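This is the structure, below, for whatever I ask next.
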Amino acid sequence: MSNTITEKLAPVAPEFFVRDVDLSIAFYAGKLDFTLVRADPEGDGRHSFAVLSRGEAEFLFVHESALGPVNRAALPYPRAAGVDILLMVDDAHAVYASVRERGVPVVLPLKDQPYGLRDFTVADPDGFRIRFAQRIA
């Protein structure tokens, strides 16, 4: 597969530098119902890059080695402290039930918020936080 991105990307596509792209693929596809759009293998058969989508959202995953040794050593765990990625869904109750059934770590439980969203937050294997939300009337 070519290393050139030929797919049309979503207007905003967060890029996550992760320890294990295959683990991220398994987590997002298997536990959060994302669809694998693209996965680029390395020589050892493991993946160094992947694009996964859910609805109109697309997330990019890159192995942290792409940052180089100095930048990689400075990466904290858990990753992205202070940043949540908001992902709008049609039915937050259904998504919440699904992720709990699949053993996904819930950081903040499902709640109707005063700002008009019903939301909850999960953490991925690298500590990135994804907040699923739906508008409420």
Side-chain angles (χ1 to χ4, degrees):
M1 185 175 288
S2 166
N3 285 337
T4 303
I5 295 177
T6 58
E7 305 86 9
K8 181 181 178 201
L9 291 176
V12 175
E15 187 170 33
F16 302 91
F17 290 90
V18 298
R19 293 173 287 180
D20 185 333
V21 174
D22 291 302
L23 181 62
S24 293
I25 292 169
F27 179 82
Y28 281 85
K31 296 188 181 265
L32 300 183
D33 293 326
F34 278 67
T35 300
L36 180 62
V37 174
R38 173 182 170 179
D40 293 354
E42 286 293 321
D44 62 1
R46 299 191 55 78
H47 294 96
S48 60
F49 176 80
V51 178
L52 287 101
S53 68
R54 182 179 172 138
E56 295 181 36
E58 291 186 321
F59 290 5
L60 287 66
F61 298 89
V62 182
H63 190 269
E64 63 186 11
S65 62
L67 293 171
V70 173
N71 291 332
R72 183 178 175 191
L75 290 176
Y77 285 98
R79 298 287 175 85
V83 175
D84 285 356
I85 305 297
L86 175 67
L87 184 61
M88 297 300 293
V89 296
D90 292 330
D91 185 347
H93 280 290
V95 177
Y96 187 68
S98 175
V99 300
R100 292 205 49 191
E101 183 178 289
R102 295 174 183 179
V104 175
V106 174
V107 177
L108 296 171
L110 184 66
K111 181 179 177 184
D112 287 358
Q113 303 291 354
Y115 44 81
L117 294 180
R118 174 175 298 131
D119 62 18
F120 69 95
T121 303
V122 301
D124 80 359
D126 285 286
F128 291 107
R129 292 167 39 132
I130 311 301
R131 183 164 54 113
F132 290 93
Q134 81 177 82
R135 292 191 188 282
I136 52 177

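This structure is a prediction, so every number in the text was calculated from the model and none was measured.
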Could you check whether any side-chain N or O of Asp124 sits under 3.5 Å from a backbone N or O of Asp126, counting only pairs where one atom can act as donor and the other as acceptor? yes
Qualifying residues under salt bridge (charged side-chain N to carboxylate O under 4.0 Å, His left out), relative to Asp91, sequence neighbours excluded: none
Salt bridge (charged side-chain N to carboxylate O under 4.0 Å, His left out) partners for Arg131, two or more places apart: Asp119
Would Glu58 and Ser53 count as having a side-chain donor-acceptor pair, cut-off 3.5 Å?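 Distance-only check fails for Glu58 and Ser53.
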Name all residues meeting the ring pair (Phe, Tyr, Trp, His ring centres under 6.0 Å) criterion together with Phe120; count only those two or more places apart in sequence or in a different chain, and write none if there are none. Tyr96, Phe132
Those residues at least two apart in sequence (or on a different chain) that pass side chain to side chain donor-acceptor pair (under 3.5 Å) with Glu15 are none
List in chain and number order the residues that pass side chain to side chain contact (heavy atoms under 4.5 Å, CB included) with Ser98, two or more places apart in sequence or in another chain; answer none if no residue qualifies.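 So Ser98 forms a side chain to side chain contact (heavy atoms under 4.5 Å, CB included) with Asp33, Arg102.
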Check: His47 main-chain N/O paired with His63 side-chain donor or acceptor under 3.5 Å: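 Absent.
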Pairing residues for Asp90 by the side chain to side chain contact (heavy atoms under 4.5 Å, CB included) criterion, not counting sequence neighbours: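 Checked Asp90 against side chain to side chain contact (heavy atoms under 4.5 Å, CB included); zero matches.
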Check whether more than 12 heavy atoms from other residues, nucleotides or ligands sit under 6.0 Å from atom CD of Glu101, and answer yes or no. no
Looking only at heavy atoms, what is the nearest atom pair of Leu87 and Arg54, with distance?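 Heavy atoms only, the tightest pair is CD2-CD, 3.9 Å.
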Looking only at non-hydrogen atoms, find the nearest pair between Val62 and Val21 and report the distance. C-CG2, 3.9 Å
If every non-hydrogen atom of His93 is compared with every non-hydrogen atom of Gln134, which pair is closest and at what distance?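 Where His93 meets Gln134 most closely, the heavy atoms are N-OE1, 4.1 Å.
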My understanding is that only residues two or more places apart in sequence, or in another chain, count here; which of them pass side chain to side chain contact (heavy atoms under 4.5 Å, CB included) with Leu23?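 Result, side chain to side chain contact (heavy atoms under 4.5 Å, CB included) vs Leu23: Asp20, Pro125.
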Can you tell me which residue pairs pass the ring-ring contact (aromatic ring centres under 6.0 Å, His included) test with a partner in residues 98-117, sequence neighbours excluded?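 Residue pairs passing ring-ring contact (aromatic ring centres under 6.0 Å, His included), neighbours aside: none found.
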So, using side chain to side chain contact (heavy atoms under 4.5 Å, CB included) as the criterion, who are the partners of Ala123 when residues are at least two apart? Val107
